[in-house]
Amino acid sequence: MRRLATVLTAGFLALTACSGSSGGGSTTAPSVTAAPTSAGAATSTPSPDPGEPQGTQTFTGLERTHVDTPVNYPQTPPVGGPHNPVWQTCAFYDKPIMVERGVHSMEHGAVWITYSADLPADQIAVLKTLQASGREVLVSPFAGLPTPVVASAWGKQLQLQSATDPRLAEFVKYFDDGPQTPEIDTPCAGGSDATVG
């Protein structure tokens, strides 16, 4: 009986966690406006926590509200913030996806690997392998990246010059449904598989 109560409580928390709560646990109504929404300010600390690959940046103060409009994120690519009510199904995509859906996937524990469209084919093959071997890994091209490959998880980011940098696999291993996840054990499957552009 105690186990049933625990399972029911966990299920209730999973349902309510994604209903527009902020990082502080308070509940707010979803923002639906005509103008793009700002993701709010986030702070960054350059030093990684133990277990994180060297160079991982940490961002805090990220909102978790649902919005039906575009969001102006302070990072490229984003590391969290307001997001679309529908998440992106974790898979490999050769076309860009809706950014706000990718952010929602990170809330569910996904590592979102973004890459420049001109990344060499052998490096794209490495990304496909990482996606296929992970639990919650999303891969898509992204315009305007600061480096050819960027790995992001909720509140975490690692910028890389190459998909063959060993820190990329370390990042995926550590953050795939990892300790930073606001909604741990929430699937990244069953969302949208739509692309844009």
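What you see below is based on every heavy atom in this structure, not just the backbone, and it leaves out hydrogens, waters and symmetry mates.
Atoms CD1 and CG, from Ile124 and Asp118 in turn, are 9.0 Å apart once rounded to the nearest 0.5 Å. Within the model, atoms CG of Asp68 and NE2 of His83 stand 11.0 Å from one another, a figure rounded to the nearest 0.5 Å. The structure places CG of Leu62 at 6.5 Å from CD of Gln75, a figure rounded to the nearest 0.5 Å. Atom CD of Gln157 and atom OG1 of Thr76 lie 8.5 Å apart (nearest 0.5 Å).
The same ILVMFWY cluster, assembled from side-chain heavy atoms under 4.5 Å apart, contains both Leu130 and Val149. Val67 and Trp112 fall within a single hydrophobic cluster, where Ile, Leu, Val, Met, Phe, Trp and Tyr are joined by side-chain heavy atoms under 4.5 Å apart, directly or via other members. At a threshold of 4.5 Å between side-chain heavy atoms, the hydrophobic network of Ile, Leu, Val, Met, Phe, Trp and Tyr places Phe142 and Leu127 in two separate groups. By the rule that hydrophobic residues join a cluster once side-chain heavy atoms approach within less than 4.5 Å of another member, Leu119 and Val172 end up as members of one cluster. One hydrophobic cluster, built from ILVMFWY side chains closer than 4.5 Å, holds both Val150 and Met106.
A heavy-atom distance below 4.5 Å is found between the side chains of Asp193 and Tyr93. At a threshold of 4.5 Å between non-hydrogen side-chain atoms, the residues Leu145 and Pro77 count as touching. Residues Val137 and Ile113 have side chains in contact (heavy-atom distance under 4.5 Å, counting atoms from C-beta outward). With contacts defined as side-chain heavy-atom distances shorter than 4.5 Å, the pair Ile97/Leu138 qualifies. Using a 4.5 Å heavy-atom threshold, the side chains of Tyr73 and Val103 count as touching. Contact annotation: the side chain of Lys156 never approaches that of Gln57 to less than 4.5 Å [non-hydrogen atoms, C-beta and beyond]. The shortest distance between side-chain heavy atoms of Leu158 and Leu168 does not fall below 4.5 Å. Contact of the Glu52 side chain with the Thr58 side chain is registered, since non-hydrogen atoms from C-beta on lie closer than 4.5 Å.
Lys173 pairs by the side-chain contact (heavy atoms from CB on, under 4.5 Å) definition with nothing, not counting sequence neighbours. Under the salt bridge (Lys or Arg N to Asp or Glu O under 4.0 Å) criterion, Arg167 pairs with Asp165, not counting sequence neighbours. Pro141 meets the side-chain contact (heavy atoms from CB on, under 4.5 Å) test with Pro96, Tyr115; sequence neighbours excluded. Evaluation of the side-chain hydrogen bond (donor to acceptor under 3.5 Å, both in side chains) rule for Thr164 yields Ser162 as partners, not counting sequence neighbours. With sequence neighbours excluded, the residues that form a side-chain contact (heavy atoms from CB on, under 4.5 Å) with Asp185 are Arg135, Asp177. Taking Thr114 as the reference, nothing meets the side-chain hydrogen bond (donor to acceptor under 3.5 Å, both in side chains) condition, with sequence neighbours excluded. Partners of Ala194 under the side-chain contact (heavy atoms from CB on, under 4.5 Å) rule, at least two apart in sequence or in another chain, are Arg101, Ser192.
Taking the six-membered ring where tryptophan is involved, the planes of Trp87 and His104 are perpendicular, since the angle between them exceeds 60° and thus also 30°.
Under the 3.5 Å distance criterion, the side-chain polar atoms of Trp154 are left unmatched by any main-chain donor or acceptor of His108. The main-chain N or O of Gly191 is found under 3.5 Å from a side-chain atom of Thr89 such that the two form a donor-acceptor pair. The backbone N or O of Ser105 sits nowhere less than 3.5 Å from a side-chain atom of Glu136 that would complete a donor-acceptor pair.
Within the structure, disulfide (SG to SG under 2.5 Å) pairs that include any residue of residues 119-197 comprise Cys90-Cys188 (at least two apart or interchain). Applying the disulfide (SG to SG under 2.5 Å) test to pairs two or more places apart or on separate chains, none has a residue in residues 123-167. Sorted by first then second residue, the ring-ring contact (aromatic ring centres under 6.0 Å, His included) pairs that include residues 175-197, not counting sequence neighbours, are Phe171-Phe175. Residue pairs meeting the disulfide (SG to SG under 2.5 Å) criterion with at least one member in residues 104-184: none, sequence neighbours excluded. The disulfide (SG to SG under 2.5 Å) analysis of residues 99-167, with sequence neighbours excluded, yields no pairs.
Judged purely by distance below 3.5 Å, without hydrogens or angles, the side chains of Thr147 and Gln161 never pair a donor atom with an acceptor atom. Side-chain N/O atoms of Lys95 and Ser140 include no donor and acceptor closer than 3.5 Å.
Across Glu183 and Thr186, no two heavy atoms sit closer than the pair O-OG1, 2.9 Å.
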